[in-house]
Protein chains: 2
Amino acid sequence: MATGRTHRPATRSRGIPEATVARLPLYLRALTALSERSVPTVSSEELAAAAGVNSAKLRKDFSYLGSYGTRGVGYDVEYLVYQISRELGLTQDWPIVMVGIGNLGAALANYGGFASRGFRVAALIDADPAMVGKPVAGIAVQHIDDLEKIIEENGVSIGVIATPAGAAQQVCDRLVAAGVTSILNFAPTVLSVPDGVDVRKVDLSIELQILAFHEQRKAGEEPGVGEAVVPQTAAVRGAAAPAAGGPKGPDGDLPAVMPA
Amino acid sequence: MATGRTHRPATRSRGIPEATVARLPLYLRALTALSERSVPTVSSEELAAAAGVNSAKLRKDFSYLGSYGTRGVGYDVEYLVYQISRELGLTQDWPIVMVGIGNLGAALANYGGFASRGFRVAALIDADPAMVGKPVAGIAVQHIDDLEKIIEENGVSIGVIATPAGAAQQVCDRLVAAGVTSILNFAPTVLSVPDGVDVRKVDLSIELQILAFHEQRKAGEEPGVGEAVVPQTAAVRGAAAPAAGGPKGPDGDLPAVMPA
DNA sequence: CGATGTGAAGTGGTTCACAGCA
DNA sequence: TGCTGTGAACCACTTCACATCG
């Protein structure tokens, strides 16, 4: 429709909400599965269920991409796979470097989902001379001295940091200086980067702590809504959960020193 | 990021915003570092910088916990460490089980940040008989047949899934049936769980895809900076968009199928 | 004074509900 | 008829700005 030209609120010409961007990979994964089963079309309801979101949100998300559906029918799976891939920039090949090939780094390098779908591990880099040359996931580990050269020669703009926390900022600085503008950080530390550089972090321990918060809350709310957050509720199943070391009594009292 | 939205939003007198909860571990980490350096107090400004947020947000976050600061001075480090630990439920010991001890699972088990700070790996579980009995991170791997028994005997309420995608839902169901109410999922699949069970997911490939989106955008709008491997997918953006024909058969782009 | 704690304003995201179209 | 696409209401979180108090 020459008519089409999705009217965009003058204020935002090309802005897809961040929350929507974060869900596109989810839709893409669900769509890819459908595609492999040769399903030709899906409704927003079905796709939403497969992606674990509600259908209104999905339709709103897709509306930012354009009008890719057919009213009364649904969405063409193949077409949508392509459009989302393109929107995410996955129709091109992104070379990435991974720095820090310890337990976690090696596991990530071997992780299938990494290499697939638009990403290619251009180099594995470590500071330990003993690691250099060793093949991990079929790629020989290179020394960090060559980091800048590797990045430049491969045109890398995305880096993954899986070093110990103490080395992360230093590695980050070198990556950025060498031209990397997107970083996925697995080290449990805050990275500071100049404007224009994106950092996303994955911290296992933080995720667990968030779960613990909710878990604690569940244990405490069985009865009516009493009051206070009541610590020491331990076991959930009538099992032998450790009595826990929280000897603290009521709310907010002694600054007892906790173990680090 | 957050999952497990399915919560009874009912009368929550003691409601700490989810976004705040997600930042508490960040503050805790920064505070712990200060504590180790024997720093007695911090201002919201300093602590915010260390945690990578702005100070207004930090103060607002802390205001949900109570008035733990001193006007004109700042916050007592030790005291705050304790209060946040308690709020997060880290003053007790959470036994966790990890299912799926492949590359990633083994790496996670070895990951230091896991065991520290309130969590204890009660068991490593795998379906592969060849893995059973092998020590990983100092713990002998147990067979999944014993999953229910292990969970009950240890009073486990938090489980970590690091299996292949295909096995994840099945493992999840068994965990939940056995009494687990919080799950950290590393498998690239959507888990469905009953109400009252929290799921958080970590998906490496999704994080990379989000970075690729922003990376692509940068390449399209800025003139210079390193675009060794960056074609001009951006052209599609600015020029075509949903301008051509109808919703379908637009820019003459082929629905290229992406690899799984 | 100086930094916290917090109403109030602002922003972004979700949900509703229905108009519009195949 | 059925499902998409979307304005509008709603809600959660962030930021501002300043009263408050050690």
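Letters A, B, ... mirror the listed sequences (proteins, then strands); counts begin at 1.
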Practice task
Please report, rounded to the nearest Å, how far the C1' atom of dC3(D) is from the NZ atom of K57(A).
Solution key: 20 Å

Handout entry: Given dT15(D), dT4(C), dT4(D), the nucleotide with the shortest approach to the side chain of S43(A)
Key = dT4(D)

Handout entry: Sugar-phosphate, base or nothing in reach of Y75(B), heavy atoms under 4.0 Å
Key = sugar-phosphate

Handout entry: Rounded distance (Å) that lies between atom P of dG22(D) and atom CG of D76(B)
Key = 17 Å

Handout entry: Protein-nucleotide distance (Y27(B), atom OH; dT4(C), atom P), rounded to Å
Key = 13 Å

Exercise for the section: Compare side-chain N and O positions of R59(A) against OP1 and OP2 of dG20(C) and report whether any pair is under 4.0 Å apart. Expected result: no

Practice task
Verify the distance criterion only: is there a donor paired with an acceptor across the side chains of R217(B) and H214(B) at less than 3.5 Å?
Solution key: no

Practice task
Please state whether the phosphate of dT4(C), meaning OP1 or OP2, lies under 4.0 angstrom from any side-chain nitrogen or oxygen of T70(B).
Solution key: no

Exercise for the section: Using atom CD of E46(A) as one end and atom P of dG2(D) as the other, report the distance to the nearest whole Å. Expected result: 15 Å

Problem - Result of checking Y79(B), Y27(B), Y68(B) against F62(B) for ring-ring contact (aromatic ring centres under 6.0 Å, His included) - result: Y27(B)

Problem - Interatomic distance where CZ belongs to R23(B) and P belongs to dA12(D) [whole Å] - result: 15 Å

Completion exercise
Exactly one of L58(B), T70(B), T41(B) clears side chain to side chain contact (heavy atoms under 4.5 Å, CB included) with Y75(B), and that residue is L58(B)

Exercise for the section: Kindly indicate whether the side chain of L47(A), heavy atoms from C-beta on, has any atom under 4.5 Å from the side chain of L34(A). Expected result: yes

Problem - Side-chain N,O (N54(A)) to OP1/OP2 (dT15(C)) below 4.0 Å - result: yes

Exercise for the section: Report which part of the nucleic acid E45(B) touches: base, sugar-phosphate, or nothing (heavy-atom distance under 4.0 Å, all strands). Expected result: nothing

Exercise for the section: Check whether the side chain of R71(A) and the base of dG20(C) form a donor-acceptor pair under 3.5 Å. Expected result: yes

Handout entry: Flag side-chain contact, heavy atom, 4.5 Å: L65(A) against T20(A)
Key = no

Fill in the blank from the handout: 5'-most contact on DNA chain C (nearest-nucleotide basis), G72(A) vs G74(B), goes to G74(B)

Completion exercise
By nearest-heavy-atom nucleotide on DNA chain D, the more 5' of V73(A) and D61(A) is V73(A)

Exercise for the section: Check whether any side-chain N or O of Y64(B) sits under 4.0 Å from OP1 or OP2 of dC13(D), and answer yes or no. Expected result: no

Exercise for the section: Check whether any side-chain nitrogen or oxygen of K60(A) sits under 4.0 Å from OP1 or OP2 of dG13(C), and answer yes or no. Expected result: no

Problem - Rounded interatomic separation in angstrom, taking CG from L80(A) and P from dC3(D) - result: 17 Å

Exercise for the section: Could you tell me the separation between the OH atom of Y79(A) and the C1' atom of dT4(D), rounded to a whole number of Å? Expected result: 15 Å

Exercise for the section: Quickly work out the L58(B) CG to dA3(C) P distance and round it to whole Å. Expected result: 14 Å

